[in-house]
Amino acid sequence: MPNEDLSPARRIHPAHGDAIRIVPLDVPDAVRKPPAGASATPAAAPHLSYRNGPLIARPEVFSIFWGPAWQTPPQSTLASQLDQFFDFALKSPLIDQLSEYDVPHRTIGHGKRTGSISISRPALAHSVSDTAIQHLLQQEISGGTVVPDPTPNTLYFVYLPPGVKVVQGGSASCQAFCGYHNDIAGQIFYAVMPYPGCSGCTGGLGVLDALTSTSSHELCEAITDPIPGQGWYDDVNGEIGDICAWKTRKLGDYTVQLEWSNRAKKCV
Ligand SMILES: [Zn+2]
């Protein structure tokens, strides 16, 4: 994105609250609170509009499993399964269905997983902030040879181990969200996936299915809106995955989340 204005002021769309880039908790409809200002008038149908920012046209996913727990079963098995999920999903109809969001000079197509790393240091406490995750990413990128340098197509997925809460935008995993994606200065694109250790973040699914569902949500959102609010976005409903949160389907052997289609006017 050499032509992008990377000034910090442009990093977050003015209408974009932090809460809207996240995978929300799965809450039964009966206890879901109506949005502030909700009235008897039905809300406008969701519609994503393009805000002229970058897309991740050919996603190259690199997964980072943080914490020693990922190096022994059952989490080591889970890590391999998540890598296999990306190997499959990045060349699947899940990506093809996003082509309705192509824009001039940015054609969304199949990508690949470029690698994976399990790291045990720095040690994690009971909670970790988004700032600390950004710091880790930048350290791993500059300090090592394993984690690739960022490109306009690179998307890092950071997975946290059981028992570690993630704090971002004044809220926490399992209290307000189950995952999110973000950018560093418009140049490093990443998603953060806390371990689903609460019913709101498993959504009645097994741990692998919950993680592939939330990972697919963040993958499709990062592709279509890598700088939150500057790609395809709906000011009321958020990003492509937010509109369809916790509506799932099967993609091969995997559970993925439905994504909003402007063309079909529904979650597909
Ligand atoms: Zn989302």
Side-chain angles (χ1 to χ4, degrees), residues 11-13 15-27 32-33 35 43 45-51 53-56 59 61 82 85-86 89-90 94-95 97-98 100-101 108 130 133 155-160 166-184 189-196 198 200-203 205 209-249 251 254-262 266-268:
R11 283 183 53 205
I12 295 177
H13 188 273
H16 183 274
D18 265 329
I20 214 153
R21 75 186 64 185
I22 50 105
V23 184
L25 264 60
D26 180 34
V27 181
R32 225 183 275 272
K33 274 190 280 179
H47 186 82
L48 303 167
S49 63
Y50 178 55
R51 317 295 168 95
L55 308 180
I56 300 182
V61 169
L82 288 166
F85 163 71
F86 282 116
L90 288 163
L94 180 70
I95 305 298
Q97 80 184 58
L98 301 178
E100 70 172 281
Y101 299 109
I108 297 169
D130 184 54
I133 293 167
L155 175 61
Y156 306 98
F157 262 83
V158 179
Y159 288 87
L160 280 306
V166 179
V167 178
Q168 189 265 349
S171 55
S173 56
C174 270
Q175 286 163 8
F177 63 81
C178 306
Y180 61 90
H181 75 97
N182 202 358
D183 71 283
I184 304 175
F189 305 133
Y190 67 101
V192 175
M193 309 306 306
Y195 197 88
C198 57
C201 290
T202 53
L205 303 167
D209 290 337
L211 276 173
T212 56
S213 171
T214 50
S215 297
S216 69
H217 174 132
E218 297 308 333
L219 174 65
C220 294
E221 290 189 339
I223 290 171
T224 53
D225 191 33
I227 303 176
Q230 292 190 19
W232 288 94
Y233 193 76
D234 174 322
D235 286 324
V236 176
N237 301 289
E239 298 178 319
I240 184 171
D242 301 327
I243 305 168
C244 312
W246 294 104
K247 295 177 180 162
T248 59
R249 67 179 175 92
L251 176 77
Y254 299 101
T255 298
V256 294
Q257 205 207 271
L258 304 190
E259 307 296 333
W260 181 257
S261 167
N262 274 352
K266 62 178 183 180
C267 296
V268 296

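Read the numbers this way: they start at 1 and go in the same order the structure lists the ligands and their atoms.
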Trainee: Side chains of Y50 and N262: donor-acceptor distance under 3.5 Å anywhere?
Mentor: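 Checked: Y50/N262 side chains show no N/O donor-acceptor pair below 3.5 Å.
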Trainee: Looking at the Zn ion (ligand 1), which N/O/S atom of D242 is the nearest one?
Mentor: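 Nearest to the Zn ion (ligand 1) within D242's N, O and S set: OD1.
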Trainee: T255: what forms a side-chain hydrogen bond (donor to acceptor under 3.5 Å, both in side chains) with it, not counting sequence neighbours?
Mentor: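 Per chain and number, T255 pairs via side-chain hydrogen bond (donor to acceptor under 3.5 Å, both in side chains) with D209, K250.
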Trainee: State whether a side-chain donor-acceptor pair under 3.5 Å links S261 with E100.
Mentor: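 Yes, E100 and S261 have a side-chain donor paired with an acceptor closer than 3.5 Å.
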Trainee: I'd like to know: is the Zn ion (ligand 1) within the 2.8 Å range of an N/O/S atom from E221, strictly under that distance?
Mentor: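 Short answer: yes, at least one N, O or S atom is under the cut-off.
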Trainee: Check whether any N, O or S atom of H217 sits under 2.8 Å from the Zn ion (ligand 1).
Mentor: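 Yes - counting backbone and side chain alike, H217 has an N, O or S atom under 2.8 Å.
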Trainee: For Q175, enumerate each residue passing the side-chain hydrogen bond (donor to acceptor under 3.5 Å, both in side chains) test, keeping only those at least two apart in sequence or located in another chain.
Mentor: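 With sequence neighbours excluded, Q175 shows a side-chain hydrogen bond (donor to acceptor under 3.5 Å, both in side chains) to no residue whatsoever.
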